[in-house]
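What you see is a predicted model; the values in this text were computed from it and never measured.
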Amino acid sequence: NGWSDLRAVRDALTPIAGVSNGCGTLYYTTVTNGDAFEYLSARDLEIIYTAVSAQNNCEICLSFHAMALGNPDANPLHPDDLAAMLSGGVPTRDKRAHDLAVAAKYALAHKGILLPREKQHLATMGFDSEEKMLEIIYAAGFMAANNAARRSSAEHLIGNESAAFA
């Protein structure tokens with residue numbers, strides 16, 4: 001079945017790339033590399049990933065991104081901002097985090113298509129070029145796909161575990 005094929009890919013990549021939990025980790029470490037994007041930092045990506053994971057109700061991804069954003073050694077979000085993001089809202093204390101969360105929500109709302117009024121709003125936040133928005137759209141889309149893969153993997157594993165105890 002398809003799951004054994006995915007496991008084979010994961011097992012083949014593990015010694016090469018240090019992948020511990022599937023192909024998503026390989027891609028994740030690539031796109032969170034400090035120089036992977038021109039306009040987005042690693043912290044910016046964590047903010048986008050947290051906003052997307054909250055919107056998609058992906059608890060496992062949300063927990064990892066929240067941990068990264070709460071890390072006291074890595075320019076953490078204020079606890080109130082983090083709590084807002086975890087509940088699907090947007091930060092209010094950190095303007096950059098607020099703007100990135102709004103941009104990520106816009107990117108997801110119409111699957112990467114921005115309405116003219118959304119583009120105008122984003123331009124007031126400094127996302128005033130197609131290149132900047134393409135990076136946000138890409139990051140939001142990447143995380144949405146990763147959320148779907150994680151949920152699917154978790155449901156498959158839970159389903160197998162439940163069957164084993166039936």
Side-chain angles (χ1 to χ4, degrees), residues 1-7 9-11 13-14 17-34 36-37 40-72 74-94 96-114 118 122 127 133-164:
N1 68 29
W3 290 107
S4 60
D5 294 340
L6 287 174
R7 286 190 188 103
V9 170
R10 179 202 61 207
D11 292 344
L13 289 174
T14 297
V19 176
S20 61
N21 61 349
C23 295
T25 302
L26 175 64
Y27 298 123
Y28 179 77
T29 56
T30 300
V31 299
T32 55
N33 183 352
F37 290 93
L40 298 174
S41 69
R43 182 177 190 261
D44 292 344
L45 290 169
E46 288 296 344
I47 291 164
I48 292 168
Y49 295 165
T50 302
V52 171
S53 296
Q55 186 162 329
N56 289 331
N57 296 314
C58 186
E59 295 295 327
I60 191 164
C61 293
L62 193 57
S63 65
F64 291 126
H65 301 300
M67 185 173 57
L69 287 174
N71 180 353
N75 191 16
L77 277 181
H78 188 279
D80 292 346
D81 281 348
L82 189 53
M85 291 192 76
L86 294 177
S87 65
V90 295
T92 57
R93 294 174 181 261
D94 183 318
R96 175 78 175 171
H98 171 273
D99 295 350
L100 286 164
V102 169
K105 289 174 180 287
Y106 282 162
L108 291 178
H110 313 290
K111 296 181 173 67
I113 297 170
L114 298 172
E118 293 168 340
L122 292 168
F127 307 122
M133 278 313 305
L134 283 174
E135 286 192 3
I136 292 169
I137 291 166
Y138 177 84
F142 163 80
M143 193 71 247
N146 201 21
N147 291 159
R150 297 277 186 230
R151 281 193 313 273
S152 179
S153 296
E155 288 171 11
H156 175 74
L157 293 173
I158 291 168
N160 282 349
E161 186 176 301
S162 297

Can you name the closest pair of heavy atoms from [X] and [Y] and give their distance?
X      : Y      : result
Asn75  : Arg43  : O-NE, 2.8 Å
Lys105 : Gly88  : NZ-O, 2.8 Å
Asn56  : Ala144 : ND2-CA, 3.6 Å
Gly112 : Ile137 : O-CD1, 3.3 Å
Ala140 : Ala107 : CB-CB, 4.0 Å
Ile47  : Ala101 : CG2-N, 4.3 Å

What's the separation between atom [atom1] in [X] and atom [atom2] in [Y], rounded to the nearest 0.5 Å?
X      : Y      : atom1 : atom2 : value
Leu45  : Phe142 : CG    : CZ    : 9.0 Å
Met143 : Leu62  : CE    : CG    : 9.5 Å
Ser63  : Leu86  : OG    : CG    : 9.5 Å
Ser41  : Glu46  : OG    : CD    : 9.5 Å
Asp94  : Met85  : CG    : CE    : 9.5 Å
His98  : Leu77  : NE2   : CG    : 13.0 Å

message: I want to check something: taking the side chain as every heavy atom from C-beta on, are Phe127 and Leu100 in contact at a cut-off of under 4.5 Å?
response: yes
query: Quick one: does Pro91's side chain get under 4.5 Å of His78's, heavy atoms only?
result: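 Heavy-atom side-chain distance check fails, nothing below 4.5 Å.
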- prompt: Ser53: what forms a side-chain hydrogen bond (donor to acceptor under 3.5 Å, both in side chains) with it, not counting sequence neighbours?
  reply: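 Ser53 satisfies side-chain hydrogen bond (donor to acceptor under 3.5 Å, both in side chains) with Asn147 only.
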query: side-chain hydrogen bond (donor to acceptor under 3.5 Å, both in side chains) with Glu118: which residues, sequence neighbours excluded?
result: His110
message: Can a donor-acceptor pair be found, under 3.5 Å and without considering hydrogens, that links the side chain of Lys111 to the backbone of Gly141?
response: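 Checking the backbone N and O of Gly141 against the side chain of Lys111, no donor-acceptor pair under 3.5 Å is found.
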task: Any salt bridge (Lys or Arg N to Asp or Glu O under 4.0 Å) involving residues 76-87? Give me the pairs, sequence neighbours left out, ordered by first then second residue.
output: Asp80-Arg93
Residues in side-chain contact (heavy atoms from CB on, under 4.5 Å) contact with [X], at least two apart in sequence or another chain:
X      : answer
Glu135 : Phe37, Glu38, Tyr39, Leu40
Asn57  : none
Ile60  : Cys58, Phe64, Arg150

